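Structure first, commentary second.
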Amino acid sequence: MSDEAIEESEKGQAAEEQAADGPSVPQEGESGPHSGEGHGAPDKSARRTEEEPAPRRAEISNYRIVEHWFHAAAERLELPDDVAAVFRSSYREVQVQVPVRLGDGRLHVFSGYRVQHNGARGPYKGGIRFHPEVDLDEVRALAELMTWKTAIVNIPYGGAKGGVNVDPSKLSAQELEEVTRSFTNKIEKVLGPQRDIPAPDMGTNAQVMAWLMDEFGKLHGHTPACVTGKPIALEGSFGREAATGRGVVQMVREAAREIELEPAGATFVMQGFGNVGAWAARLMQELGARMVGVADASGAIAGKDGIDAEKLADHVREGGRVADFDSGAEQIDHDELVALECDVFIPAALGGMIHSDNADRLRCRMMVEGANSPTTPKADEILNGNGVLIIPDVLANAGGVIVSYFEWVQNLQHLRWTEEEVNERLAKIMRRAFREVSDRARENGSPMRPAAYELGIERVVEAASTRGYI
Ligand code: NAD
């Protein structure tokens, strides 16, 4: 896709202007593609009418971001149109009603989704997200990302994702359990240890996975391998909670060599301080790096002398907000966070947060994508033009699914590895994947993202064609 086309695309120009060049572009307020060879069904998700729609983060949806990268890689690989069409839509999409009576005595109807994008390389695998903005298009995008991610790091899974459009921060523990059990009940037919294995994502955690396993077990008998990211007490894996953050930091270490950066003296900015952000920040600090800015949904803070990631994690664990952290750091706007000078910028919040209006303001040498689809195509182009080394989401945040794979392997054999063993195996796979992607990028003379997609697509195409699917 040409530079102009990307710009047009992000400004939401008419679809027919784009047709010749690539994926059509959603108009403002439109959630995704509902025609042509892609997904056919419009998203008729139920909405909780009392909730205000959140402000748009980027010019295009996560779905369009993933579709853009797939389309570009498929063109470079000269994938025939009919084969590409198979990957532009999902194998199966389940949308269910999740009615739950909440503490206010009223019945609230949420929408739940499980999308299985492609299973050529193994059982479907992907997280479950609880967030008010979850909709079918977002889940589709995240499911497709999982197909490429598991192929890029070469673990034997296909790609899936699930979600419920609920704000877990507004629910009591009992209500959250009700939502989880009701949702599990509605989708259990498409799950199972050899079929589709969920895991935590935004807004869900080990406790939610425990409820999911328990609900699934009521119907199928005790089946710990039906879900990963479980508590240690329920055959969860050591190292799973920290895995995505640990993988992100591993990628910082690998990439640092390419730009002659010494991680021990480096500065970094963390956008998002949940599971991924808080672990990545603490592990960066362990390496000797200094966090000079950090944000969560409540606000952002900056401090040239460094913000203690361990103390901030304790503060957040006790229910505190990043913006209220009493450390001598200065409160800043979310917008100012991206402009802080640092060596490494780590997006670890929502998708689409680095876009055409703020990409030029980033002052980092390297960006390592902890979040899924944090960068729009236009922003990616700007950052590449500014010489920022980008380690893309499909590689950088694969640590979580890699240790989920280890958890599944341990569950299937009912044995347990030590944390050291888990971390060593994780590092080995992440290092191998980094090397394969960076070698290909060097051969292509391209950034790492296109190289990663090419590698992932090639592997999935090979598996699908040897099976006789395509
Ligand atoms: P989480 O819910 O634990 O944390 C999300 C964080 O982002 C919170 O601190 C939240 O306050 C913050 N946030 C939300 N809106 C923000 C905004 N506008 N500005 C700044 N911060 C904001 O979620 P998580 O599990 O850490 O996931 C974060 C990202 O990483 C998501 O994109 C997710 O898909 C991706 N990811 C997670 C995993 C995993 O294992 N948890 C694996 C791969 C990818």
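Whatever order the structure lists ligands and atoms in, that order sets their numbers, starting from 1. Predicted, not measured: the structure shown is a model, and the values here were computed from it.
Here the side chains of I429 and R425 are not in contact, with every heavy-atom distance at 4.5 Å or above.
Those atoms of ligand 1 with a heavy atom of M353 less than 4.0 angstrom away are 17 (C), 18 (N), 19 (N). The ligand atoms of ligand 1 that sit less than 4.0 angstrom from a heavy atom of G203 are 2 (O). Taking a cut-off of under 4.0 Å to the non-hydrogen atoms of R240, the atoms of ligand 1 that pass are 40 (O).
For the pair R195 and Y124, the cation-pi test (distance below 6.0 Å, angle within 45°) is failed.
For Y157 and Y405, the distance between ring centers is under 6.0 angstrom. If you look at W417 and F406, their ring centroids are closer than 6.0 Å.
Residue L350 places no N or O, backbone or side chain, under 3.5 Å from any N or O of ligand 1. Geometrically, ligand 1 and P200 share no nitrogen or oxygen pair separated by less than 3.5 Å. For a threshold of 3.5 Å applied to N or O pairs, the pair formed by G400 and ligand 1 contains no separation below that value. Considering backbone and side-chain atoms alike, N275 places an N or O below 3.5 Å from some N or O of ligand 1. Ligand 1 has an N or O atom lying under 3.5 Å from an N or O atom of A297, backbone or side chain. Between N372 and ligand 1, at least one pair of N/O atoms sits closer than 3.5 Å. The N/O atoms of Q271, backbone and side chain alike, include none that comes under 3.5 Å of an N/O atom in ligand 1.
At a heavy-atom distance under 4.0 Å, no atom of A300 approaches ligand 1. With a 4.0 Å cut-off on non-hydrogen atoms, M270 does not touch ligand 1 at all. The proximity of N397 to ligand 1, defined as any non-hydrogen pair under 4.0 Å, involves the side chain as well as the backbone.
Of the candidates V322, D296, V316, the one placing a heavy atom closest to atom 20 (C) of ligand 1 is D296. Here the shortest heavy-atom distance to atom 29 (C) of ligand 1, taken over A295, G272, A349, belongs to A349. When the heavy atoms of E369, H131, M202, H334 are ranked by distance to atom 23 (O) of ligand 1, first place goes to M202.
Looking at T228 and K125, their side chains do bring a donor and an acceptor atom within 3.5 Å of each other. Side-chain atoms of N165 and D135 include no donor-acceptor pair closer than 3.5 Å. Under 3.5 Å, the side chains of S90 and E93 contain a donor-acceptor pair of N or O atoms.
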Mind running salt bridge (Lys or Arg N to Asp or Glu O under 4.0 Å) on R181 and D214 for me, showing each step along the way?
CA-CA 9 Å; R181 289 189 185 276; D214 187 64; 2.9 Å; yes

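The local environment of CD in E341 is sparse, with at most 12 non-hydrogen atoms from other residues, nucleotides or ligands closer than 6.0 Å.
T204 places no side-chain N or O within donor-acceptor distance of the main-chain N or O of F130, the cut-off being under 3.5 Å.
Under the 4.0 angstrom criterion for non-hydrogen atoms, R129 is in contact with ligand 1. Under a 4.0 Å heavy-atom criterion, K161 is not in contact with ligand 1.
Classification of the H117-W148 ring pair by plane angle, with boundaries at 30° and 60°, yields perpendicular.
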